[in-house]
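Throughout, numbering of the chain's residues begins at 1 and tracks the sequence. Order of listing sets the numbers, starting from 1, for every ligand and every atom in it.
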Amino acid sequence: MRLADLTTPALLVDAGALEANLADMAAAHPGPQLRPHVKAHKTTALAARQTAHGHHGFTCATVREVEGMAAAGLGADLLLANEVLDARRLGAVVAAGARVTLAIDSPETLRAAVDGGVREVLIDVNIGLPRCGIAPEHAGALADTARAAGLSVRGVMGYEGHLQLLTDAAERARLTTECTDRLLAAHADVGGDVISGGGTGTHAHNTACTEIQAGSYALMDTAYTAAGLPFRQALTVLSTVVSTTAPAGDAPGWAVADAGLKAFGMDHGNPSVPGAAVWFCSDEHLTFAADVPPRAGDRVRVVPAHIDPTVALHERMHVVDGAGPDAEVLDTWAVDLRGW
Ligand SMILES: Cc1ncc(COP(=O)(O)O)c(C=O)c1O
């Protein structure tokens, strides 16, 4: 199959850029020092590429991701880095032979782990992002309660999500250390071998964690590129120009492609079209003005601003080599970890 044969909009993965990203991150955080987060790509075939680069433990955000990873034979060491109040489906995954560790931050999530049949937990610590996580000073007591309830406490996790996109790298580094100092203080009370945290934006600054939970690095987006992260843009959305309007007098011309709000996560702003100014997205359309006006039928590769919610809107991603209409589609991967 060639690019020209694909129905648009379609997720494209540039094979060379993906492999370069995986190799670069594996060099920075080899083997168990990286626990790739699958929430960014939701694709077991891509996770398998990450195992080929030496990482066998994975981070998940949903029960469905844990189930799908285990079903794909990638369940050697799965961390659900998120709180759940019903862990019975996770218990079933454990009973089937996978290793599942669950984040807990309260007596309620502790009880859910016990009742659901999960045996291993991490204490999730609030290190600055107002989301999940127990206050550092209470982490030790929760770990004691968990152990008394028969759970194995492997250590702590904390996610400095509010720092990931800071553009000033020195400030990002300084604030990351502040956050990880809180995590280390909690770890001193909790014990265990695992200190888990970090993401694509802070991976180079987070030297306290025993493992980094980065996910976006594999495919990337314009928000992370704007923050100065060195990984390559591997994911684009192939789109077809369906309408064009020529300039008239002082009024500029524009073009409309067939990928809009239903093809892109928009919380980080509009996607980008290289060599063009994106005006706006509507449900099925992207309106843009290009330096070289396209013709109806031309195809453009649109770059998402936020990868995670973009990928979650698509059923498959096509692995491609090259850019032109004759570029070969090397493989098609199901985005098989979608849903809940
Ligand atoms: C708990 C947790 N860890 C790690 C990450 C990975 O972040 P990134 O995709 O920016 O590498 C996320 C992303 O939202 C997260 O929620």
**Q** Counting each atom of ligand 1 from 1 as listed, which ones have a heavy atom of Thr200 under 4.0 Å away?
**A**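 Taking each heavy atom of Thr200 in turn, ligand 1 has 8 (P), 10 (O), 11 (O) under 4.0 Å.
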
**Q** If you take all heavy atoms of Ala218 and Leu22, which pair is closest and at what distance?
**A**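 Answer, listing the atom of Ala218 first, then Leu22: CB-CD2, 3.9 Å.
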
**Q** Below 4.0 angstrom from a heavy atom of Ala214, which ligand 1 atoms are there? Numbered from 1 as shown, please.
**A**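 In order of numbering, the contacting atoms are 11 (O).
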
**Q** Counting heavy atoms only, which part of Gln213 comes closer than 4.0 Å to ligand 1: side chain, backbone, both or neither?
**A**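 It is both backbone and side chain that touch ligand 1.
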
**Q** Can you find a non-hydrogen atom of Gly198 under 4.0 Å from ligand 1?
**A**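 The answer is yes: ligand 1 sits under 4.0 Å from a heavy atom of Gly198.
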
**Q** Among all the protein's non-hydrogen atoms, which is closest to atom 10 (O) of ligand 1, and how far away is it?
**A** Tyr224 OH, 2.4 Å

**Q** Do Asn206 and Thr180 pair up side chain to side chain, a donor and an acceptor below 3.5 Å, judged on atom types alone?
**A** no

**Q** Is Met157 close to ligand 1, meaning an N/O of one under 3.5 Å from an N/O of the other?
**A** no

**Q** Return yes if a side-chain donor-acceptor contact under 3.5 Å exists between Glu211 and His29, otherwise no.
**A** no

**Q** Give me the atom names and distance for the closest heavy-atom approach of Thr310 to Gly265.
**A**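 So the minimum-distance heavy-atom pair works out to OG1-N, 3.0 Å.
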
**Q** Identify the heavy atoms of Ala113 and Leu102 that sit nearest to each other, and give their distance.
**A**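 Residues Ala113 and Leu102, closest heavy atoms: CB-CD2, 3.9 Å.
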
**Q** Does any part of the side chain of Trp279, heavy atoms only, come nearer than 4.5 Å to the side chain of Trp254, both counted from C-beta?
**A**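 Yes, at least one pair of side-chain atoms sits under 4.5 Å.
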
**Q** What protein heavy atom sits nearest atom 14 (O) of ligand 1, and how far off is it?
**A** Lys39 NZ, 2.8 Å

**Q** Which atoms of ligand 1 are found less than 4.0 Å from any heavy atom of Arg131?
**A**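 The list of qualifying atoms is 1 (C), 15 (C), 16 (O).
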
**Q** Under 4.0 Å from ligand 1, counting heavy atoms only, is it the side chain of His203, its backbone, both or neither?
**A** neither

**Q** Does the side chain of Glu120 come within less than 4.5 Å of Val94's, by heavy atoms?
**A**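 Answer no - side chains too far apart.
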
**Q** Which heavy atom in Thr332 sits nearest to a heavy atom in His318, and how many Å separate them?
**A** OG1-ND1, 2.9 Å

**Q** For atom 7 (O) of ligand 1, find the nearest protein heavy atom and state the residue, atom name and distance (0.1 Å precision).
**A**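 I find the closest protein heavy atom is Tyr159 OH, 3.3 Å.
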
**Q** Quick one: nearest non-hydrogen protein atom to atom 8 (P) of ligand 1, plus distance?
**A** Ser216 OG, 3.5 Å

